[in-house]
Protein chains: 4
Amino acid sequence: MPKVTAEHRLARREQIVQAALHCVAENGFHKTTMADVIRESGLSAGAVYGYFRSKDEIIAAIADQALSAVDELFEGILSTEDPLSPAEAMRVVLDHVVKTAERSGGDVTRVGLQAWAESVHNPTIAAVAREKYTILRTHYTAVARRAQLDGTLPSDVDPEHVAQVLFGMLPGFILQRLLLGDVTPESYTAGLNALLGSAAPRRP
Amino acid sequence: MPKVTAEHRLARREQIVQAALHCVAENGFHKTTMADVIRESGLSAGAVYGYFRSKDEIIAAIADQALSAVDELFEGILSTEDPLSPAEAMRVVLDHVVKTAERSGGDVTRVGLQAWAESVHNPTIAAVAREKYTILRTHYTAVARRAQLDGTLPSDVDPEHVAQVLFGMLPGFILQRLLLGDVTPESYTAGLNALLGSAAPRRP
Amino acid sequence: MPKVTAEHRLARREQIVQAALHCVAENGFHKTTMADVIRESGLSAGAVYGYFRSKDEIIAAIADQALSAVDELFEGILSTEDPLSPAEAMRVVLDHVVKTAERSGGDVTRVGLQAWAESVHNPTIAAVAREKYTILRTHYTAVARRAQLDGTLPSDVDPEHVAQVLFGMLPGFILQRLLLGDVTPESYTAGLNALLGSAAPRRP
Amino acid sequence: MPKVTAEHRLARREQIVQAALHCVAENGFHKTTMADVIRESGLSAGAVYGYFRSKDEIIAAIADQALSAVDELFEGILSTEDPLSPAEAMRVVLDHVVKTAERSGGDVTRVGLQAWAESVHNPTIAAVAREKYTILRTHYTAVARRAQLDGTLPSDVDPEHVAQVLFGMLPGFILQRLLLGDVTPESYTAGLNALLGSAAPRRP
DNA sequence: AATGAATGAGACTTCATTCAT
DNA sequence: TATGAATGAAGTCTCATTCAT
């Protein structure tokens, strides 16, 4: 019975998180009421509170999920033998972002956006965001380091700074996609490639 | 009392907007109560509602202000004779962002972040955001076009796509600054310059 | 100056009462705000409060006016040499009610209706209503007495009781006119006449 | 818990309506606050709003109840074999009105009076009032028709017009009872009988 | 464990009235 | 006297959370 119960508990939690994710993607953290989540999850109020102590705990759970969504991918990318160039990495990530966003059950990038806003005054979410994004940016640092080894990136620059810029392109992509709706992985990669190839020839 | 009133009304509205901005920068749109804004503004409830019809109207006003903050600058930049390069534009803008953010009375970038999140489910703010950011991005399109004329950017790329990427670096900067706190205009510009100078020599 | 001022004061009070009457006929006592009255009167808040101490005082003034509207007429009717029969009195009064109600500036019967409702829990208006309606009903007592002298009404009945019924037809007429809109002085008088002529011949 | 719930819900609604009726009979619709109803009902704010969506909905419910109070009776009267004469009908109805008004829990005639006033500017209540009073007046039309068949009422008169007058006596009775306090079913019936028997013998 | 009715603090907003100019 | 901006008490309603069944 313990194992069944443990699985059961996880399944229920997941059910609630999915319901909440759906609601929050639609209406944000604050316009989403517990009544919404309860209705959407198909459970009762008491049941939901049996799995999460509070609304904040549910919010933290979905924020975690939304903020982790991109990171999963990098485990795969980095584990490949062939190191990716900045442009390749960007392309792969953006494709993944779009694919993930379009999954049924609610656009996680919308939820991520809520999490960014929330992290400004919610220490719990801020901590999660810092943790996830530090890890994520570290992947870009690795990308930068490899490019320096390749010689495609000057070696006298701090790879952390390059990572800041590369990682920093993601929020811009996500925001423009949600707000203006006219960016695509293709358009963005094209723009990036133009910039990467924009400089005068490297000094020998 | 006509003359007094016109100025007075504007001053009062500004007073309320400043109070609200301060509160929202601190606590976000939803944790900011009208009671907070009323207290912070030093006015009475009735007075505040004499200038704004609802909390939503106040939120729209500060969202507008926060979303416009960067754009003001560009009027100045673009009016100069000397067109700026992408890197120069980025440097100037980031300096401005930081300076604006550090102004007393509340970090507008925090408010901007709230506005991004809100625009997902608030049509009024979404409209403002779209308007402001379309204009802002257009400035970057101009920067890209000039770089193409200079020959520092390939001429066979859509300058809109370049603008997507350049403009798209701002949210990333703002988000990292608020969340991780370790990006500066210097570090970001260094990373960007490294990327700009990273490609193989242009094909002749 | 005193006389001019006195006239002026009265004119202003009348201006305010008319404005209030108009608003109340439209929206009732409670949905009518002082702001409505102030706007409709064309005066300023301060000015209005210079002529009436409170909203209740204005309400009392228009209630008085509305409750007196029918009574004015009776002075005329009763002062005639020729006493009216119940049916004649009813016809004259109903015509007057309709004519008064249709005067521009707000249907006084609507205001009267508000006054009835208000008098249930507003002692001031209750007192006014009692006073006005006692006088009004007394006129019907006179009508009944004359009919008894005529022999058109049994002499062994208390004329007060007849007056209750005759006077009591007015609220019913007013209410049906406002609510159902299908009663007219003609239809009502026809129905009344049928009832008056309905009985078997008087026992000798 | 289905069965319990269905009954329970109705009982709770009734509990709230009774509380509201009591308050409104005392203070009218507008001086009655939700806090009053909540206190009087013995429930919490949330509970009350679980059964009614708004104060207006509660008002509509008690207006409905008050406006229906007289009508219930007629079902009984009309279903009797023996058709009632106008005078008999009036006597029965007035007795019922007084008995209903004196029931503990708030005088419904006071609430009816509020409903009349409210219907002038509240379409929902106006619709209910029109519906209920149209039905109620139709009963009087039936009374008039029977009297015409009896020969106690001229057959050349529109029974609708007679119904207008007969039905129209009720508001007058109710209003005088509340306002002046000196009418009784006895006095009113006496006055009515005097009028009914007042005419000269019918022309042959 | 599950249910969902009940709780009640607190949010937003209105509006009669005042008072400095 | 006149103005109308300002006041702030009070009203309606929501919603995260609990607990008897």
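Every heavy atom of this structure was used, including side-chain atoms; hydrogens, water molecules and symmetry mates were not. Chain letters run A, B, ... following the sequence lines, proteins first, then strands; residues in each count from 1.
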Which listed nucleotide ([options]) is nearest to the side chain of [X]?
{"X": "Ala45(C)", "options": "dA16(F), dG4(F), dT7(F)", "value": "dG4(F)"}
{"X": "His8(A)", "options": "dT14(E), dA11(E), dA2(E)", "value": "dA2(E)"}
{"X": "Thr33(A)", "options": "dA16(F), dT17(F), dT3(E)", "value": "dA16(F)"}
{"X": "Met34(C)", "options": "dC12(E), dT17(E), dG4(E)", "value": "dT17(E)"}
{"X": "Ser44(D)", "options": "dT17(F), dT13(E), dA6(E)", "value": "dA6(E)"}

Provide, to the nearest angstrom, the distance between the [atom1] atom belonging to [X] and the [atom2] atom belonging to [N].
{"X": "Asp56(A)", "N": "dC15(F)", "atom1": "CG", "atom2": "P", "result": "16 Å"}
{"X": "Lys55(A)", "N": "dT14(F)", "atom1": "NZ", "atom2": "P", "result": "15 Å"}
{"X": "Arg13(A)", "N": "dA1(E)", "atom1": "CZ", "atom2": "C1'", "result": "16 Å"}
{"X": "Ile58(A)", "N": "dC15(F)", "atom1": "CD1", "atom2": "P", "result": "15 Å"}
{"X": "His30(A)", "N": "dG10(E)", "atom1": "NE2", "atom2": "P", "result": "18 Å"}
{"X": "Tyr49(D)", "N": "dG10(E)", "atom1": "OH", "atom2": "P", "result": "18 Å"}
{"X": "Glu57(B)", "N": "dT14(E)", "atom1": "CD", "atom2": "P", "result": "11 Å"}
{"X": "Tyr51(B)", "N": "dT14(E)", "atom1": "OH", "atom2": "C1'", "result": "17 Å"}

Distance-only, no hydrogens or angles: does the [X] side chain make a donor-acceptor pair with backbone N or O of [Y] under 3.5 Å?
{"X": "Lys31(C)", "Y": "Glu26(C)", "answer": "no"}
{"X": "Gln15(D)", "Y": "Ser41(D)", "answer": "yes"}
{"X": "Arg9(C)", "Y": "Tyr51(C)", "answer": "no"}

May I ask you to verify if any side-chain N or O of Arg53(C) is less than 4.0 angstrom from the OP1 or OP2 atom of dT17(E)? no

Identified pairing partner of dT21(F), criterion: Watson-Crick or G-U wobble below 3.5 Å: dA2(E)

Please name the nucleotide paired to dA10(F) by Watson-Crick or G-U wobble geometry with both distances under 3.5 Å, or report none. dT13(E)

Mapping Phe29(D) and Ile38(A) onto DNA chain F by nearest heavy atom, which one lands closer to the 5' end? Phe29(D)

Whichever of Gly46(D) and Ser54(B) has the more 5' nearest nucleotide on DNA chain E, that residue is Gly46(D)

Of Gly42(D) and Thr32(B), the one whose closest DNA chain E nucleotide lies more 5': Gly42(D)

Using a cut-off of 4.0 Å on non-hydrogen atoms, how would the nucleic acid contact of [X] be classed: base, sugar-phosphate, or nothing?
{"X": "Leu43(A)", "result": "nothing"}
{"X": "Gly50(D)", "result": "nothing"}
{"X": "Phe52(C)", "result": "nothing"}

Parallel, tilted or perpendicular: ring planes of His30(D) versus His30(C), cut at 30 and 60 degrees: parallel

Interatomic spacing from CD1 in Ile62(D) to CD1 in Ile16(D) - rounded to 0.5 Å: 12.0 Å

The single option from Val108(C), Leu113(C), Asp107(C) passing side chain to side chain contact (heavy atoms under 4.5 Å, CB included) against Arg110(C): Asp107(C)

